[in-house]
Trainee: 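My questions all concern the structure below.
To find a chain, count down the sequence lines: A is the first, B the second, and so on, and within it residues start at 1. For the numbers below, each heavy atom of this structure counts, side chains included, while hydrogens, waters and symmetry mates do not.
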Amino acid sequence: MVQQDLDPRGDSVLEVSGVHKSFAGVHALRDVDFALRPAEVHALIGENGAGKSTLIKVITGVYRPDSGTVRLDGRERDFRNPLEAQAAGISTIYQEVNLVPLMSVARNLFLGREPRRFGLVDVGRMNREAAEVLGRYGVDVDVTRPLRTLGLGAQQMVALARAVQIDARVVIMDEPTSSLEPREVETLFSVIRRLKEQGIAVVYVSHRLDELYAICDRVTVMRDGEVVHTGEIAQLERLRLISLMLGREMATVRDKGTTAFDTDRHERQTGRPVLSAEGLTVRHRLHDVSLDIHPGEVVGLGGLLGAGRSETAKAIVGALGTDAGSVEIEGKPLHRRSPAAAIRAGVVMLAEDRKAEGIIPNLSVRENISLAALPRLSRAGVVSQAKQDEVVRLFMERLRIKASGPDQKVSDLSGGNQQKVLLARWLCLNPKVLLLDEPTRGIDVGAKAEVQSIIDELAADGLGVLLISSDLEELIEGSDRVVILKDGHVVGNLDGEDVSEDGLLDALATAPPLSPDDPDLPEQPGPATGPENPGGTPRAGSDPAAAPVKEKQR
Amino acid sequence: MTSAVLPPPATAKARAPRATLGERIASQVQRRGALAVLVLVVAIASATSSTFPTWSNISSILGNNAFVWLLALGMTFVIMTGGIDLSVGSMYALGGVLGAYGSTHGTWLAVLLPLAVGAAWGTVQGLLVAKAGMAPFIVTLVGLLGLRGLLQAVTDEGATTYLVPQHSAFRHLGSGVWTPVLITAAFFVLGIVLLTRTRFGHTLTAMGGNENAAVLLGLPVARTKVTVYLLSGTLAAAAGALGGARLGSGVTTIGIGYELTAIASVVIGGTLLTGGSGSVGGTAAGVLLLAVIHNLIDHYFSQYGSAFTDTVNGGFLAAVVLLQTLLSRKQQLE
Amino acid sequence: MTSLTWTGPALDRARVRRLLQDYGVYAALAVLFVVAVGLDTSFVQMSNIRVQLFQVAPTLLVALGMALVIGTEGIDLSVGAVIALAASVVPLYVGYGMLPALAVSLLLGAVSGAVGGAMVALARIQPIVATLSLMIGVRGLAEIVNGNSAKPVTQSGLLDLGSQSVAGIPEMAWIAGICALLTGLLVRRTTFGRQLVAIGDNRQASRLSGLPVRRVLITVYVISGVLSALAGVLIVGHGAEADPANQGLNMELNAITAVVVGGTPLSGGRVRVLGTVAGALFMQLITAVLTQHNVHTSYTQIVEAAIICFAVYASQERGTR
Amino acid sequence: TNSGNDSAKSPSSSASDNTAAAQQVATPTDSASGPACTADRYAGGVAKLNITDGKTVVGFSQSESTSNPFRATETKSIENEAKRLGVKLIERNANADVNAQNSQIQDMIAQGAKVLIVAPENSDGLGPALAEAKSKKIPVLTIDRTVTGTACTDFIAFIGSNFYGQAQIAADDLNTATGGNAHVAILTGTPGNNVTTDRTKGFQDQVKAKYPNIKIVASQTGNFAQTDGQKVMEQLLQAHSDINAVYAENDEMALGAIQAIRSAGKTPGKDVKIVTIDGIQQMVQNVADGLAVADIETNPRFGPLAFQSLQNFYGTAGVQDKVIIKDGHFTTANAKQALAQGLVY
Ligand SMILES: Nc1ncnc2c1ncn2[C@@H]1O[C@H](COP(=O)(O)OP(=O)(O)OP(=O)(O)O)[C@@H](O)[C@H]1O
Ligand SMILES: Nc1ncnc2c1ncn2[C@@H]1O[C@H](COP(=O)(O)OP(=O)(O)OP(=O)(O)O)[C@@H](O)[C@H]1O
Ligand SMILES: [Mg+2]
Ligand SMILES: [Mg+2]
């Protein structure tokens, strides 16, 4: 059933043939063939755990294939490490942001290629150039700040800028947009188009199907470590693509647009909010942010990259120290502000940065799921194995976590499955309020739909949900109300009919000027900021054709 | 790729918040906690003691310990990569013995023999860490034990002491106050340049910050690691040899526990033991701070006996790291 | 591709590696024992076994606590000094009987551990320097408490504890064994154990998951302090002398070595209790063989170093590539 | 700081004052004559000082931790004598680190010390400190260990025991106790220490020269510590059941050996004969009780002799370059008496 329109040999820059790779008995790749033509944008898609990242790592020398070959420009190559691959002209953005958090933004951008004078690094020039380059990507930050002080989205932009700066014949992007806003996605697309013009081939991995149709020429679909389809993307309709990925018949793939949210709004219980945050303030980052969440409603938190959404969530659960502000749960104020206290009060947060703030990498799936619930699963400090196994089994089934078993190390799971494990960790606590920071980041369409319907279900069960998502559509379709943040200020509140893409963009554009006595006041984007942006709309590319294509089929 | 490919500027949006003057001063103090504490301690000591600020006291603090500070310099590099080198104390002693032994055959051998052995063993340690993937703590613990053994083997279980010949030119390398201080200072300046102004320095910092990322970013991680341990081993052996030139003999019982002092200096200097953040300047402040504190404690507490001095020493070390940590707390918190 | 011919041996190699990783220490221990017996058959005599058990018990106790600390990505350099502190108070209180002396020692161990734990957990000082300052200061304190020379201890209860056997096995070894068992249960079965490992693996994620990070850290250092103090009392009982200036010297390195040889990674997130037991025995056997065959100190050190290196290399985790 | 141990009958402070236990000079004997070192002759002549005027600062550099009874008694003895004579004394303790001792000596010079008493950590490592003292015309008297250099030029003189000779006596004692037929285990001190080297060499040389039937079965380091001595002895007794004698290079290790012999089911003093060096109270008690054959004293009470020598140095009498003290020799015959008279420390 493998459909190949394989090109004649020699036509491709990069060619992978017959690659096998297994980890301790798990076959991650089986007999994979993959060919990349010059100047094409090639989509690589598949479910979580299909083997996409593994394939990329085999190509770039992170892993060594058990068998099979990798050819670059017709020559067989056996890279021993990413350094060699990079030197040979393959530039890669790996899945999770892989930069150095403690180092300055500029240093990260130029690592390994620092501008030098008299053999020594020219720091002044490096910083100047970094600011200039990042400015062009819409990231306007102090480049001498440590990278970790940026939001994940901004970090992803830095990684992107870095990869594109390297002289390369092939650029590989493993889920580059998972924390990006439509605006940044558009910036990325224009970068990719330029690359293409220069004859550079791009491998593009994403779970956002819209993006694939917008930018890619050809597609390779993987399932369970095998390539199941390669071909022109234009000739492949969306439903067929999904059915190939999931390995199910087209008929059974019911399409409900890109999100699986029930479009009906939840029945909101008016009355006392289950969570109410008042005047949260964090120096330089959040300014007097207030919001309420009622039982049974999903409140979206909108805003652009670095608007302070993640920080709001962290401030609520006490993971981030606040200078002012209070949080009440069901009318009772939360006195000691710490994640533990928040959890005891029934408020949990799914963190945005899965690797740094989510998984406990060396522990098993079982231990990761039951971690927060341990006190409830134990008596006199001794964990009840039976209770624990039951909970773990339940949630592994319910969230369809794909692992070789509850004993598998969580770091060996694919990104999407890790995300589900984390969701399970919180759900088994039976929380009252769920703060979800990018809950579907990096998870495949199938799983995304599952997660989205779970959110729906949870809200229907009476939970209060705060939903932060860079996926505009997800935010709009999933939320009953949307609170809009900008530079750490609440600048809008959409309700009912206003919850729409236009409503959101309008709210952002017409945001009132911030209070003048605020020392951190950013200048309002005006005509001076860029000729392409006369209206001062924060969204780049007012040219509608440049906007990401949204094919809503419903 | 050149910048020509880049898209037109997107809208500037979020802006980096500007820090107030007070905050900038605070952040400087935070970043240079050790220096701040050092200035404070020296100021207090100068005000309360008449002999502390004299040249002869300062020269005794500097002259005798200068070479030992090279251990902390090498350690800074190692710790920046997230590693640790416990073998420096033993290597220091071995360097001294080899230097003294070499000096009986000529000045060149006195310099080259320790450097060669230090570099060779450093390379072995580096390879074990980088290529065999062993934990630095264990590899260098092996060095700590094994090099002592080697030292004893070459000195007949410590029974033979090699003396540097009275008129050997080698002695000049370690004599007086200025030679050691200048040699050490030169190494530290080179160290600062190496760490902040070279690709090697950036690479090793990146490795400490996130080794996985450094590999994926295509940095020469393995090579850098080997080089770092090589540097540390060579510096320790060089320090030992110079120390031997100063003492005029290869003392075998020297250097015990120096690795911990070196680590403490580096950490007090604000370098994170997990790697990825720190500075050579901080280490310099750290070693000076420890030396000054030792001098003061000796001065004021010697007559109460060594047990009491130890207790005060431990207490002071705790207080200093506490102060230093509190100062730089904000940095570490996020 | 000839996948069949490839997967076969590859799988086997992977399995061998896994086995080595998991059971390497035990295999090494067995090999060493066989070698020791081969060199001198009297090595299997009960009296010899007893000697080795006497000597390993304190190291093992300390190593157990150290394993827990290392599991949290920490390190405890103060253990040797705590041994000295415990030893220093024994002569002062042993007049009231063994139990009061033991109680005071353990209490002081706990206090020292709590101070170290507080520095690490509350003030966020890096463990190695926090415990280094304790290592220096606490030993000084112990010497002050003790005075200028080692003190003989003659209380029969304590001496019995350090020299008597039950069912042919030294009481000291029984105590260490029971502590190992309890530590094993603590790590595997209790909430605390699981939290400890999680904190060692990813502290930030653990904090965000609502784990009581500070409490766990402090408790871990307290446990390490108490176990070290217990080891100190046993050392005094066995030697019939309290010598705070010398007792427990280098214990931190011995304990860390035992833990790491036993397969617990220094990077935290994993605690192997049985491995630690094997690691401690392994190190004891090496010393025993080398001393009994009167090898020079210099070669003893070199050989020990080489064996540690080899043992750790063989049993360490290796990333697949 | 000698807190709360009432069982010890003779705390070191009183022992250091005990005049009966004071150091006696063995060589040079009074009759021996040679050019003695005086201030006029020292390194081309240094200024005469009156050390007891209460203004002249005398520096004392101790090499090792005073948790060691030998060091404690030595320090106390110096301090007490200084107090008695009205000498202004400053002191430092190098805690077994040569580098530290060098800087501490210079530090004391900076603090105004005009004459120094140094207990060297190591014979060969004090070059920088001695050079500094010499350049500042500050005389240095070395006690208990020698330093390399020329007497009356680099340092005034050496006062101390003959470690090599002590070991020879130990060999003689063992020979007597075992009837010349011994299988000996040696517990050596810390490797690299001059004391260890001398005490090992003296014993081995004596055995080789005089006692062909004494066989050295094993020689392992016990690091001068009780615990290590005990551990090593336990192992050796397992491996060599024929061991019937032990030579311990200090008392702490001998104490450990006694414990090890007991736990091996043998009787110290009967099955295994022990000879040791230093003469601390507990071990002399053991000698008295018959657990050990002999304990050769290393007398740490340097105070009176050291200050006397300094006064001679500034006076006309001068000091001989090597003043070897008479060390006591405790055997079953005199141990009880020595204990009763408080001669031990
Ligand atoms: N280091 C490893 N050790 C063991 N198994 C691994 C390892 N890396 C990946 N795997 C397994 O290989 C399979 C493929 O994983 P991979 O990360 O390539 O998936 P992916 O297609 O990139 O998924 P996602 O979309 O979630 O990122 C998964 O089943 C995963 O569990
Ligand atoms: N484009 C940018 N320009 C300037 N600063 C930025 C930008 N992006 C992120 N930041 C900085 O990063 C931090 C991001 O905060 P936070 O993570 O709460 O934002 P967010 O709205 O969740 O965005 P993200 O999608 O990046 O997670 C802020 O302190 C901000 O100063
Ligand atoms: Mg992936
Ligand atoms: Mg965010």
Side-chain angles (χ1 to χ4, degrees), chain B residues 82 84 86 90 128 132-139 141-158 257 260-261 263-268 271-274 304-326 329 332-333, chain C residues 70 73 75 77-78 81 88 115-116 119 123-148 244-245 250 252-253 256-257 260-261 265-267 296-313 316-319:
Chain B
I84 201 153
L86 298 180
S90 299
L128 285 175
M134 294 180 67
F137 197 98
I138 286 303
V139 170
L141 179 66
V142 164
L144 172 112
L145 297 174
L147 291 176
R148 278 267 163 221
L150 188 62
L151 168 72
Q152 280 169 16
V154 298
T155 57
D156 308 325
E157 312 293 313
L260 292 179
T261 316
I263 293 169
S265 319
V266 172
V267 171
I268 288 172
T271 299
L272 284 186
L273 260 182
T274 40
Y304 301 113
S306 52
F308 193 79
T309 338
D310 273 351
T311 313
V312 176
N313 240 321
F316 228 99
L317 181 58
V320 167
V321 286
L322 190 64
L323 196 59
Q324 202 271 345
T325 312
L326 288 181
R329 174 140 207 188
Q332 296 196 354
L333 260 183
Chain C
I70 288 177
E73 209 182 351
I75 204 146
L77 297 183
S78 70
S88 74
V115 172
M119 285 203 274
R124 295 177 187 240
I125 297 176
Q126 307 193 38
I128 203 168
V129 266
T131 56
L132 175 65
S133 68
L134 277 182
M135 170 183 172
I136 299 170
V138 169
R139 188 172 291 275
L141 208 60
E143 290 174 6
I144 291 179
V145 169
N146 179 66
N148 295 327
N250 289 331
E252 53 287 339
L253 288 186
I256 294 169
T257 312
V260 176
V261 167
L266 281 164
S267 46
H296 279 306
T297 322
S298 54
Y299 300 115
T300 304
Q301 277 176 320
I302 295 173
V303 171
E304 261 182 21
I307 292 180
I308 294 172
C309 191
F310 182 77
V312 173
Y313 178 74
Q316 75 177 343
E317 290 196 29
R318 250 170 243 115

Trainee: Step by step, would you call C:Glu143 with B:Thr311 a side chain to side chain contact (heavy atoms under 4.5 Å, CB included)?
Mentor: CA-CA 9 Å; C:Glu143 290 174 6; B:Thr311 313; over 6 Å; no
Trainee: Can you tell me how far apart CG (B:Leu145) and CD (C:Glu304) are? Round to the nearest 0.5 Å.
Mentor: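 That separation rounds to 6.5 Å.
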Trainee: Can you tell me how far the CE atom of B:Met134 sits from the CG atom of C:Leu266, to the nearest 0.5 Å?
Mentor: 11.0 Å
Trainee: Is C:Leu134 close to chain B through its backbone or its side chain, or both, or neither, when contacts mean heavy atoms under 4.5 Å?
Mentor: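 When you check distances to chain B, no heavy atom of C:Leu134 falls under 4.5 Å.
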Trainee: Using the side chain to side chain contact (heavy atoms under 4.5 Å, CB included) rule, take C:Ile125 and B:Leu322 through it: C-alpha gap first, then chi angles, then the decisive distance, then the call.
Mentor: CA-CA 7 Å; C:Ile125 297 176; B:Leu322 190 64; 3.6 Å; yes
Trainee: Measuring from atom CD1 of B:Ile268 to atom OG of C:Ser133, what distance do you get when rounded to the nearest 0.5 angstrom?
Mentor: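 Rounded to the nearest 0.5 Å, the CD1-OG separation comes to 9.5 Å.
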Trainee: Output the distance between atom CD1 (C:Ile128) and atom CG (B:Leu260), rounded to the nearest 0.5 Å.
Mentor: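 These two atoms lie 7.0 Å from each other.
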Trainee: Mind listing the closest non-hydrogen atom pair of B:Gly146 and C:Ile302 along with its distance?
Mentor: O-CG1, 3.7 Å
Trainee: Of C:Val260, C:Val312, C:Ile75, C:Thr257, which is the lone residue that meets side chain to side chain contact (heavy atoms under 4.5 Å, CB included) with B:Phe137?
Mentor: C:Ile75
Trainee: At their closest point, which heavy atom of B:Ala153 faces which heavy atom of C:Ser298, and how far apart are they?
Mentor: N-CB, 3.4 Å
Trainee: Which bit of B:Leu144 comes within less than 4.5 Å of chain C, counting heavy atoms only: side chain, backbone, both or neither?
Mentor: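 It is the side chain, since no backbone atom gets that close.
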Trainee: Output the distance between atom CD1 (B:Ile138) and atom CD1 (C:Ile256), rounded to the nearest 0.5 Å.
Mentor: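 Reported to 0.5 Å precision, the distance equals 8.0 Å.
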Trainee: Can you tell me which portion of C:Ile307 sits under 4.5 Å from chain B's heavy atoms? Options are side chain, backbone, both or neither.
Mentor: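 Contact with chain B is absent: no heavy atom of C:Ile307 under 4.5 Å.
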Trainee: Roughly how far apart are C:Arg139 CZ and B:Asn313 CG, rounded to 0.5 Å?
Mentor: 14.5 Å
Trainee: Quick one: which of B:Ala264, B:Ala307, B:Ser306 has the most heavy-atom pairs under 4.5 Å with chain C, could you say?
Mentor: B:Ala307
Trainee: Between B:Val139 and chain C, with a heavy-atom cut-off of 4.5 Å, which part of the residue counts as in contact: side chain, backbone, both or neither?
Mentor: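 Contact with chain C is absent: no heavy atom of B:Val139 under 4.5 Å.
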Trainee: Below 4.5 Å from any heavy atom of chain C, which atoms of B:Ile84 appear? Answer side chain, backbone, both or neither.
Mentor: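 Just the side chain, heavy atoms under 4.5 Å.
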Trainee: If I measure from the heavy atoms of chain C, does B:Leu141 come under 4.5 Å with its side chain, its backbone, both, or neither?
Mentor: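 It is the side chain, since no backbone atom gets that close.
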Trainee: Considering residues at least two apart in sequence or located in another chain, which fulfil the side-chain contact (heavy atoms from CB on, under 4.5 Å) criterion with B:Thr271?
Mentor: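 Applying side-chain contact (heavy atoms from CB on, under 4.5 Å) to B:Thr271 gives B:Thr76, B:Ile79, B:Met80, B:Val266, B:Thr283.
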Trainee: Indicate the atoms forming the closest heavy-atom contact of B:Leu272 with C:Gln126, along with that distance.
Mentor: CA-NE2, 3.6 Å
Trainee: Which heavy atom of B:Glu157 sits nearest to which heavy atom of C:His296, and what is that distance?
Mentor: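 Looks like OE2-CB, 3.4 Å.
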